[in-house]
Asks: 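I have a structure I would like to understand better, so I am pasting it below and will then ask my questions one at a time.
Since the structure is predicted, the reported quantities are computational estimates derived from the model, not experimental observations.
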Amino acid sequence: MARIAGVNIPTNKRVPIALRYIHGIGPAMANDICDKIGITPERRVADLSDAEVIKIRETIDADFMVEGDLRREVSMNIKRLMDLGCYRGLRHRKRLPVRGQRTHTNARTRKGPAKAIAGKKK
């Protein structure tokens, strides 16, 4: 089992698919990594040599922000918005949708389960 950026990569999957298990690497970035190193996308992780796994690890460490660093950066950005008190920061603080979605009927994921209102029946 290959371990890259602190994540155990599944061995039976193709390399671009397996790289997506790392937080911060999506389809396009996984294909870019394969192209840089010269690994064909059809190869499986189990077929990679130790040298190729090390090349992948070094490429990710050098060129991309992934896992802990990325999570820390995102949380720091959200904290900065909340400290500034800007509109987006206030929405984060109140745990409401940040990007302009309606909240009158939807946004249950963000707001949590609906709370019953007393005296609502007619």
Side-chain angles (χ1 to χ4, degrees):
M1 179 164 295
R3 189 167 175 84
I4 300 171
V7 177
N8 291 329
I9 303 295
T11 55
N12 56 344
K13 295 188 182 284
R14 294 188 303 112
V15 176
I17 305 298
L19 285 176
R20 295 184 205 177
Y21 280 71
I22 301 170
H23 179 76
I25 294 182
M29 210 177 282
N31 288 329
D32 288 346
I33 292 168
C34 289
D35 290 342
K36 271 186 188 173
I37 298 168
I39 296 173
T40 59
E42 291 79 34
R43 292 204 34 211
R44 305 270 171 181
V45 175
D47 301 337
L48 294 177
S49 66
D50 290 338
E52 289 171 328
V53 173
I54 291 170
K55 271 187 184 176
I56 292 172
R57 195 175 297 138
E58 289 171 351
T59 304
I60 290 173
D61 287 342
D63 299 340
F64 303 105
M65 184 182 292
V66 292
E67 281 300 323
D69 295 335
L70 181 64
R71 291 180 206 271
R72 194 174 309 107
E73 173 102 6
V74 169
S75 67
M76 290 302 291
N77 287 341
I78 292 171
K79 186 179 181 315
R80 179 180 52 83
L81 290 171
M82 288 165 52
D83 290 344
L84 283 173
C86 64
Y87 182 76
R88 281 174 58 199
L90 295 176
R91 302 297 282 184
H92 274 293
R93 211 181 288 165
K94 295 178 183 175
R95 296 185 180 272
L96 290 170
V98 178
R99 296 186 178 179
Q101 298 92 331
R102 68 180 291 134
T103 57
H104 178 70
T105 56
N106 294 330
R108 290 279 47 119
T109 302
R110 199 64 193 185
K111 290 165 71 174
K115 299 167 202 78
I117 301 170
K120 183 80 176 190
K121 284 191 293 184
K122 288 187 178 179

Asks: Heavy atoms only: give me the nearest P41-P16 pair and the separation to one decimal.
Replies: O-CD, 3.4 Å

Asks: State the CG-OG1 distance between D32 and T59, to the nearest 0.5 angstrom.
Replies: 11.5 Å

Asks: Over all heavy atoms of both residues, which pair between L70 and G24 is shortest? Give the atoms and the distance, please.
Replies: CD2-CA, 3.5 Å

Asks: For residues 75-86, tabulate all N or O donor-acceptor pairs below 3.5 Å that involve a side-chain atom, not counting sequence neighbours.
Replies:
{"residue": "S75", "atom": "OG", "partner": "R71", "partner atom": "O", "Å": "3.3"}
{"residue": "S75", "atom": "OG", "partner": "R72", "partner atom": "O", "Å": "2.9"}
{"residue": "N77", "atom": "ND2", "partner": "E73", "partner atom": "O", "Å": "3.4"}
{"residue": "K79", "atom": "NZ", "partner": "D83", "partner atom": "OD2", "Å": "3.1"}

Asks: How close do A18 and P10 get, heavy atom to heavy atom, and via which atoms?
Replies: CB-O, 3.9 Å

Asks: Considering non-hydrogen atoms only, spot the tightest contact between K111 and N106 and give its length.
Replies: CD-O, 4.2 Å

Asks: Starting from the C-alpha separation in whole Å, work towards a yes-or-no answer on side chain to side chain contact (heavy atoms under 4.5 Å, CB included) for L19 and I4.
Replies: CA-CA 9 Å; L19 285 176; I4 300 171; 4.3 Å; yes

Asks: With a 4.5 Å limit on heavy-atom distance, are the side chains of R91 and T103 in contact?
Replies: yes

Asks: Quick one: CD1 on I60 to CD1 on I25, what's the gap to the nearest 0.5 Å?
Replies: 3.5 Å

Asks: Using a 4.5 Å cut-off on heavy atoms from C-beta on, say whether the side chain of I33 contacts that of F64.
Replies: yes

Asks: Taking all non-hydrogen atoms of both residues into account, name the closest pair between T11 and A2 and its distance.
Replies: CG2-N, 4.4 Å

Asks: Can you measure from CE (M29) to CZ (R20) and round to the nearest 0.5 angstrom?
Replies: 12.0 Å

Asks: Around atom CZ of R110, are there more than 12 heavy atoms from other residues, nucleotides or ligands closer than 6.0 Å?
Replies: yes

Asks: Minimum heavy-atom separation for V98 and Q101, please, with both atom names.
Replies: N-OE1, 4.1 Å

Asks: Output all residues satisfying side chain to side chain donor-acceptor pair (under 3.5 Å) with D63, sequence neighbours left out; order by chain, then residue number.
Replies: K36

Asks: Extract all donor-acceptor atom pairs below 3.5 Å that involve side chains of residues 48-58 and protein atoms in other chains or at least two apart in sequence.
Replies:
{"residue": "S49", "atom": "OG", "partner": "E52", "partner atom": "N", "Å": "3.3"}
{"residue": "E52", "atom": "OE1", "partner": "R43", "partner atom": "NH2", "Å": "3.0"}
{"residue": "E52", "atom": "OE1", "partner": "S49", "partner atom": "N", "Å": "3.0"}
{"residue": "E52", "atom": "OE2", "partner": "R43", "partner atom": "NH1", "Å": "3.1"}
{"residue": "R57", "atom": "NE", "partner": "R3", "partner atom": "O", "Å": "3.1"}
{"residue": "R57", "atom": "NH2", "partner": "R3", "partner atom": "O", "Å": "2.8"}

Asks: Could you give the distance from CZ (R14) to CD1 (I39), rounded to the nearest 0.5 Å?
Replies: 13.0 Å

Asks: If you define the side chain from C-beta out and look only at heavy atoms, does anything of E67 sit under 4.5 Å from V7?
Replies: yes

Asks: Return the CD1 to CD1 distance between I9 and I22, rounded to the nearest 0.5 Å.
Replies: 4.0 Å

